[in-house]
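Below you'll find the structure, written out as structure tokens, and then a few comments.
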Amino acid sequence: MSEDDRSIVDIDYVRETLASIGWKYTDVLFGFIGVIVYARVFSQTDFGAAYAVIAAARVIQNLANGVLIGIKKRISEDTSRKSLNQHLTLGVVFIFCFTVICFAGTAIGVRVLDIGTYSEYVYYGALSVGARSMFYLSKQVAAGMGYPSRSHRADTVDGATTLVFRVGLWLFAGFGATAILLGEILSGLLIAIAFLLSMRVYPITVPSLAQATNLYRFARWSSINNFANGLFNQGPTSMLGYLVSPVSAAVYKAGSTLSQPGTVLSGAIAGNLIVKVSQNHTEDTSFETVARTSISVAPAVAIPVLFGAVALGDELMPVVFSGSYTGTGFALVAASVFALMFSIKKPLYSVANGADLPDLLTKVNTIRVFVFLPTLALTMSLYDFTAFLWGVIFVQTVDTAILSHLVKSKTELSAVFDWSLLGPQIVAGGLMYAVIATLDAVYDPVGLISLGVTVGTGGVLYTVVTLAFENIRAEIIENISF
């Protein structure tokens, strides 16, 4: 490929990647608007119960996702129309059986456990596992066919239709907080069917036993790792709702929603990093520079989110979500720490996967399931919501340190971070904190507009200071392209 051809490819890829980031932030915006509406119109108990059940459904769905990721891999190996239809049939049959099992397990759980507030939500949760698995399957089929960017558009359309269904069911059909679950069920099924039809892939061809066996060989380990990862990331919200109270789950969900924009850039960088590391690993060339720079610029958005949460958390929560969230700013701080650590870990996963170190992730997931999750459960049971939030901060920080150490020790990396890139971001975040904390002390912003101006001022300052460093500006551009 000539240099000119390479430049054209790079430009096209940058455009596609930037478009994907745009779609993702639009999807986050729809989710953000939705959570604000639900937090305001439903009681904290109902709002928290619905999202605690959704969190549990996502944990269980991760078991299915391991199989569906396997379908993507097998489709990518043979994109013939017959293979596409056969593997889609495998996926649909698996999801149907898995949903039936979930529904039966829910029925048993309702009889055995005292679930109280959750009784009207859990069956919708079981259906949500099936519906959202179908949506996830449609995205894996697209990725396996070589159209990964389509999944970002599908996510955004799903975010919009989920919002419409949820609000519509509440306004016009008389549903309460169960509309939160039913809306995502209807949207997931509708978008999955439309997406598959647009790709002309149909579950009409009977798969072979060999195809099912090959899928099983891949999925048995993929499902376990996916489940452990989901249990660590989404399980605490569900446990919080059951072991402490649905109100606590509502507050933590609200904080998580405000901090979520901090994770989007990291996802885009990590998606490209795995390709770069894999190529270098295959060619037996060094990937240290690209890995360290990617890890160091990935939290560029999460850092100001955390500083902003520390400065204005107590003001933001009640203004955005309603007065019932007064005094809950520390939940936003804990959720922002989670977002920051997630932004650092995302590219670390890419380094481990690109360097063919799946056993490393298995070790990390083992520690998470048998050490960190019981620690969080203990803080919830013995103490209170605040103790849980401190537990989140501690567990996420230690988990990131362990993952960083293991990746560094198992690869060629001499260090995880490039402090010439990460240091200025932290300094800019500190300056941002100083400015908005001063504005808060002097002007005491209490309304949405005055808080928005204060946050916006801090955000502009952080952006200007960070991008003033040419090396950071160059690396952010480089790490969302090839």
Side-chain angles (χ1 to χ4, degrees), residues 28 32 35 55 229-237 239-240 244 248-267 269-270 295-317 320-321 325 327-349 364 367-368 371-373 375-380 383-405 416-417 422-423 425-430 432-433 436-437 455 458-459 462:
V28 169
F32 183 73
V35 170
N229 192 47
L231 191 62
F232 180 67
N233 288 321
Q234 284 122 4
T237 301
M239 292 191 298
L240 184 64
V244 181
S248 297
V251 171
Y252 189 63
K253 173 61 182 177
S256 298
T257 300
L258 278 180
S259 64
Q260 189 179 1
T263 65
V264 175
L265 177 63
S266 175
I269 289 175
I295 296 166
S296 300
V297 300
V301 180
I303 288 172
V305 168
L306 175 58
F307 277 107
V310 173
L312 295 173
D314 280 331
E315 289 85 350
L316 283 169
M317 292 288 279
V320 174
F321 296 108
Y325 291 81
T328 61
F330 190 51
L332 176 56
V333 173
S336 298
V337 171
F338 179 98
L340 175 60
M341 296 304 155
F342 182 88
S343 295
I344 295 171
K345 288 185 286 188
K346 194 76 172 175
L348 285 170
Y349 296 146
V364 172
I367 296 172
R368 289 171 170 177
V371 178
F372 290 155
L373 280 176
T375 299
L376 287 176
L378 197 61
T379 62
M380 295 181 217
Y383 300 102
D384 56 13
F385 181 47
T386 302
F388 163 77
L389 295 177
W390 279 113
V392 168
I393 293 172
F394 173 77
V395 163
Q396 287 295 328
T397 304
V398 175
D399 180 63
T400 304
I402 291 174
L403 180 60
S404 300
H405 170 73
V416 173
F417 298 111
L422 186 59
Q425 297 172 58
I426 297 173
V427 171
M432 169 189 165
Y433 170 80
I436 60 178
V455 172
Y462 173 84

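No hydrogens, no waters, no symmetry mates; every other heavy atom, side chains included, goes into these values.
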Plane angle bin for Phe32 and Phe321 - parallel if under 30°, tilted between 30 and 60°, otherwise perpendicular: perpendicular

If you define the side chain from C-beta out and look only at heavy atoms, does anything of Ile436 sit under 4.5 Å from Phe307? no

Rounded to the nearest 0.5 Å, how far apart are CG of Asn229 and CD of Gln234? 8.0 Å

Give me the atom names and distance for the closest heavy-atom approach of Thr237 to Ala55. CB-CB, 3.9 Å

How far apart are the closest heavy atoms of Ile269 and Ala298, and which atoms are they? CD1-CA, 3.8 Å

Do other residues, nucleotides or ligands put more than 12 heavy atoms under 6.0 Å from Phe417 CZ? yes

Got Pro236 and Leu373 here, is their nearest side-chain heavy-atom distance under 4.5 Å? yes

Is there a donor-acceptor pair under 3.5 Å between the side chain of Gln425 and the backbone N or O of Ser296? yes

Would the distance check show the side chain of Tyr462 and the main-chain N or O of Val301 forming a donor-acceptor pair, the cut-off being under 3.5 Å? no

According to the salt bridge (Lys or Arg N to Asp or Glu O under 4.0 Å) rule, which pairs have a member within residues 333-347, sequence neighbours left out? Lys345-Asp399

Do Gln396 and Phe232 come within less than 4.5 Å of each other through their side chains, counting heavy atoms only? yes

Side chains of Ile402 and Phe372: closer than 4.5 Å at any heavy-atom pair? yes

Smallest separation among heavy atoms of Ser266 and Pro347, with atom names: OG-CD, 3.6 Å

Please check if the side chain of Thr379 supplies one atom and the backbone of Leu376 the other of a donor-acceptor pair under 3.5 Å. yes

Would you say that Val244 contacts Asp384 through its side chain, given a criterion of any heavy-atom pair below 4.5 Å between the two side chains? no

Spacing of CG belonging to Leu332 relative to CG belonging to Leu306, to within rounding of 0.5 Å: 9.0 Å

Any side-chain heavy atom of Arg368 sitting closer than 4.5 Å to one from Val395? no

Pair Leu340, Ile303 - check side chain to side chain contact (heavy atoms under 4.5 Å, CB included), show working. CA-CA 6 Å; Leu340 175 60; Ile303 288 172; 3.8 Å; yes

Between Met317 and Leu258, does a side chain to side chain contact (heavy atoms under 4.5 Å, CB included) hold up when you go through it step by step? CA-CA 9 Å; Met317 292 288 279; Leu258 278 180; 3.9 Å; yes

Which atom pair, heavy atoms only, marks the closest approach of Ala335 to Ser259? O-OG, 3.4 Å

Can you name the nearest heavy-atom pair linking Ser404 to Leu348, along with the distance? OG-CD1, 3.4 Å

My understanding is that only residues two or more places apart in sequence, or in another chain, count here; which of them pass side chain to side chain donor-acceptor pair (under 3.5 Å) with Ser248? Ser245

Are any side-chain N or O atoms of Ser343 and backbone N or O atoms of Gly262, one a donor and one an acceptor, separated by less than 3.5 Å? yes

Residue pair Ile393, Phe330: steps toward the side chain to side chain contact (heavy atoms under 4.5 Å, CB included) verdict: CA-CA 11 Å; Ile393 293 172; Phe330 190 51; 3.8 Å; yes

For Met239 and Ala377, which heavy atoms make the closest approach, and how far apart are they? SD-CB, 4.4 Å

So Phe388 and Leu240, side chain to side chain contact (heavy atoms under 4.5 Å, CB included) or not? Walk me through it. CA-CA 8 Å; Phe388 163 77; Leu240 184 64; 3.6 Å; yes

